[in-house]
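Have a look at the structure below before the remarks.
Residue indices begin at 1 and follow the sequence shown.
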Amino acid sequence: LELAVEHHKADRLSEAEAVYQQMLRQDPNQADAIHMLGVLAYQAGKNELAVELITRAVTIRPDFAEAYCNLGLALQPLGKLEEAADCCRKALALKPDHSEALYNFGNVQRRLGNLAEAVTAYRKALALKPDHTSALNNLGATLVDLGNLQGAVGSYRMVLALKPDHSETHYNLGNVQRDLGNLPEAITSYHKSLTLEPNYAEARNNLGVALEQLGR
């Protein structure tokens with residue numbers, strides 16, 4: 001298993017799959033191998049196969065928190081959001097400090113339109129893992145949806161403190177600053193985004209809008 005996971009983390013996916021399959025030839029009910037084959041399927045966009053495999057893993061091992069978390073991930077592209085939320089809840093019942101399950105639960109709640117619940121989940125995830133930039137980014141976007149623009153600015157700035165070269169976050173921060181009427185700050189953010197990603201069409205467009213609003 002350690003060898004397979006080492007291959008998996010290094011993106012040697014065919015080698016990882018071969019070792020997982022070898023494990024299953026030795027023990028057809030090896031839950032770790034079945035789960036990780038499901039993760040490989042999810043990464044390849046084979047979501048129905050991923051759900052089938054990971055469901056089999058949690059059937060064999062009902063206390064498998066990590067597998068429930070990943071099952072929730074695989075269900076989302078299939079539009080099965082309530083089932084995904086339930087999987088996240090099961091993962092958290094087994095492991096309340098599972099930051100990734102909290103993050104995934106926040107994503108599901110946001111897609112369901114339960115924005116306040118999403119914010120709570122993201123904040124719980126960040127309390128456990130303050131450098132979770134994806135949770136910070138999604139928290140910022142959810143706060144924008146709720147009309148809390150100053151809160152969103154804070155979230156995006158925290159992302160950029162951790163990842164200064166994240167062009168999308170510079171773009172998102174620019175949009176919020178523009179909505180707040182802080183046009184010079186918005187223009188600075190759009191320029192930073194475009195310095196990192198010159199072909200970022202939305203950032204270039206919104207830079208034009210902000211310049212127009214300033215009469216430039």
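Side-chain contact between Q150 and L180: present, with at least one pair of heavy atoms (C-beta onward) separated by less than 4.5 Å. Under the 4.5 Å side-chain criterion, counting only non-hydrogen atoms from C-beta, L94 is in contact with Y68. Residues Q213 and L211 fail the side-chain proximity criterion, which asks for heavy atoms closer than 4.5 Å. Taking the side chain as every heavy atom from C-beta outward, Y20 and L40 approach each other to under 4.5 Å. In this structure, Y103 and K129 have side chains that are not in contact, with every pair of non-hydrogen atoms separated by 4.5 Å or more. Residues N107 and Y122 form a side-chain contact, since some pair of their non-hydrogen atoms from C-beta on lies under 4.5 Å apart. Inter-residue side-chain proximity for L71 and K90 is flagged as unmet; no heavy-atom pair is nearer than 4.5 Å. Between I187 and L214, some side-chain heavy-atom pair lies under the 4.5 Å cut-off.
Atom CG of residue L149 and atom CG of residue D179 lie 6.0 Å apart, to the nearest 0.5 angstrom. The structure places CD of E168 at 6.0 Å from CG of N137, a figure rounded to the nearest 0.5 Å. Between atom OG1 of residue T133 and atom CG of residue L139 there is a gap of 12.5 Å, rounded to the nearest 0.5 Å. Separating the CG atom in D27 from the CD1 atom in I34 is a distance of 8.0 Å, to the nearest 0.5 Å. Note: L194 CG to S189 OG = 11.0 Å, rounded to the nearest 0.5 Å. Rounding to the nearest 0.5 Å places CZ of R61 at 7.0 Å from CD of Q30.
Here the shortest heavy-atom pairing between A4 and A16 reads O-CB, 3.5 Å. Across all non-hydrogen atoms, the minimal contact from P96 to L102 is O-CD1, 4.2 Å. Nearest heavy-atom pair, A203 versus S193, reported as atom, atom and distance to 0.1 Å: CB-OG, 3.9 Å. Nearest heavy-atom pair, L207 versus H191, reported as atom, atom and distance to 0.1 Å: CD2-CE1, 3.7 Å. Across A65 and A91, no two heavy atoms sit closer than the pair O-CB, 3.5 Å. When all heavy atoms of N47 and A74 are compared, the pair lying nearest together is CB-O, 3.8 Å.
Taking a 6.0 Å sphere around CE of M23, one finds it holds more than 12 heavy atoms contributed by other residues, nucleotides or ligands.
Linking ILVMFWY side-chain heavy atoms closer than 4.5 Å, directly or via other members, places V5 and L37 in a single hydrophobic cluster. Following chains of ILVMFWY side-chain contacts shorter than 4.5 Å, one can reach L24 starting from M36, so the two form part of one hydrophobic cluster. Hydrophobic clustering, with ILVMFWY side chains joined whenever heavy atoms are under 4.5 angstrom apart, keeps L49 apart from I54. Residue L143 is not grouped with residue V176 when hydrophobic side chains (ILVMFWY) are merged at heavy-atom distances under 4.5 angstrom, including chains of intermediate members. In terms of hydrophobic clustering, with Ile, Leu, Val, Met, Phe, Trp and Tyr side chains grouped at heavy-atom distances under 4.5 Å, L115 and V119 are assigned to a common cluster.
Defined by atom type and a distance below 3.5 Å, a donor-acceptor pair is present between the side-chain atoms of N175 and Y190. Looking only at atom types and distance, the side chain of E100 has a donor-acceptor partner in the side chain of H132 under 3.5 Å away.
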Under the side-chain contact (heavy atoms from CB on, under 4.5 Å) criterion, do E82 and L112 qualify, and how do the steps go?
CA-CA 8 Å; E82 293 291 357; L112 286 168; 3.9 Å; yes
Start with the C-alpha distance between K124 and T120, add both sets of side-chain angles, then the distance that settles side-chain contact (heavy atoms from CB on, under 4.5 Å), and finish with yes or no.
CA-CA 6 Å; K124 286 181 179 178; T120 298; 3.8 Å; yes
May I have the step-by-step check of side-chain contact (heavy atoms from CB on, under 4.5 Å) for L136 and L162, ending in yes or no?
CA-CA 10 Å; L136 280 167; L162 295 162; 3.9 Å; yes
Working note: M158 + L126, criterion side-chain contact (heavy atoms from CB on, under 4.5 Å); need CA distance, chi angles, decisive distance, verdict.
CA-CA 11 Å; M158 288 173 72; L126 289 163; over 6 Å; no
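When each of N172, L173, N148 is paired with V153, the side-chain contact (heavy atoms from CB on, under 4.5 Å) condition holds for L173 and for no other. Paired with H8 under the rule side-chain hydrogen bond (donor to acceptor under 3.5 Å, both in side chains), one option of E17, Q43, E15 passes, and it is Q43.
Not one N or O on the side chain of N182 forms a donor-acceptor pair closer than 3.5 Å with the backbone of E185. Remark: side-chain polar atoms of R111 are paired, donor with acceptor, to backbone N or O of Q76 under 3.5 angstrom.
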